[in-house]
Amino acid sequence: MLSFTYNKGGYEAEFTVTRTWKKGKKDQLSLQQDGQPLNELDYDKCQGFLNELIPHGIADLFFFDGEKIAELAEDDSGNILRTAVRRLLGLDLITKLRNDLMIFVKHQQSSQLAVLQQQKFSDLEEQAKQFAFMTEQILEKLILQKCALIY
C-alpha cells in the first residue's frame with residue numbers, strides 16, 4: 001500500500017494505492033481518493049492513472065512485482081539496479097532522445113538526398129536535351145554540306 005498527496009485542479013487529494021498478489025492469479029490493483037474507492041477505474045485505467053502520475057523510473061524502484069524483486073535479488077552484475085537508478089535520474093530519457101534524434105536526422109538526410117537526387121536528375125535531363133539539340137544541328141550541317149557537294 002502506498003499513500004500520496006496529489007494536487008488536482010487546485011484541490012489537494014490524498015490517494016492510496018493497494019496492490020495485492022495471490023498465487024496463480026493476476027495481481028489486484030485498487031485506488032482510493034480521500035478514503036473513497038474509485039470503483040469506476042478498472043485495472044488498466046488505474047495502472048494508466050498511476051503511470052501518468054509517477055515517473056517510470058520511480059515506479060520501477062517502488063512498485064516492484066514479485067518477478068522484479070527476484071530479478072534484483074539474483075542480479076550479481078547490478079544491471080537491473082543500474083537501469084532503475086538511470087531511469088530515476090532521467091538518464092534513460094537522454095539515451096532515448098539521442099536515439100530518436102538519430103532516427104530523425106537520418107530521415108531528414110534521406111529526404112534531402114532525395115531532393116538532391118531529383119535536382120541532379122533534372123540537370124541530367126536538361127543536358128540530354130541540349131546534347132540532342134546540338135546533335136540535330138550538327139546532323140543538319142552535315143546534310144547541308146553533303147547536299148552542297150552533290151550539286
Counting only pairs under 3.5 Å, give me each side-chain donor-acceptor contact of residues 116-134, with atom names and distances, residues two or more places apart or in other chains.
unit_1	atom_1	unit_2	atom_2	d
Gln119	NE2	Asp123	OD1	3.1
Ser122	OG	Gln118	O	3.1

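In this view, Asp44 and Asp42 satisfy the side-chain contact (heavy atoms from CB on, under 4.5 Å) rule, not counting sequence neighbours. By the side-chain contact (heavy atoms from CB on, under 4.5 Å) test, Ser3 pairs with Glu14, Thr16, sequence neighbours left out. Listed by chain and number, the residues in a salt bridge (charged side-chain N to carboxylate O under 4.0 Å, His left out) with Lys96 are Asp100 (sequence neighbours excluded). Among residues two or more places apart in sequence or in another chain, the side-chain contact (heavy atoms from CB on, under 4.5 Å) test is passed with Tyr11 by Ala13, Gln33, Asp34. Looking at residues two or more places apart in sequence or on another chain, you find no side-chain hydrogen bond (donor to acceptor under 3.5 Å, both in side chains) involving Tyr6. Judged as a side-chain contact (heavy atoms from CB on, under 4.5 Å), and not counting sequence neighbours, Gln36 has no contacts.
Ile138 belongs to a hydrophobic cluster whose other members, connected by ILVMFWY side-chain contacts under 4.5 Å either directly or through intermediates, are Leu142.
Among residue pairs with one or both ends in residues 101-111, none qualify as salt bridge (Lys or Arg N to Asp or Glu O under 4.0 Å); sequence neighbours excluded. Identified under the salt bridge (Lys or Arg N to Asp or Glu O under 4.0 Å) test for residues 24-33, with sequence neighbours left out: Arg19-Asp27.
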Chi angles and distances behind the side-chain contact (heavy atoms from CB on, under 4.5 Å) call for Leu38, Phe15: CA-CA 10 Å; Leu38 299 175; Phe15 287 90; 4.1 Å; yes
Under the side-chain contact (heavy atoms from CB on, under 4.5 Å) criterion, do Gln47 and Leu29 qualify, and how do the steps go? CA-CA 8 Å; Gln47 187 64 51; Leu29 182 61; 3.5 Å; yes
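Atoms CG and NZ, on Leu31 and Lys45 in that order, are 13.0 Å from each other to the nearest 0.5 Å.
Across Cys46 and Ser30, no two heavy atoms sit closer than the pair SG-C, 4.2 Å.
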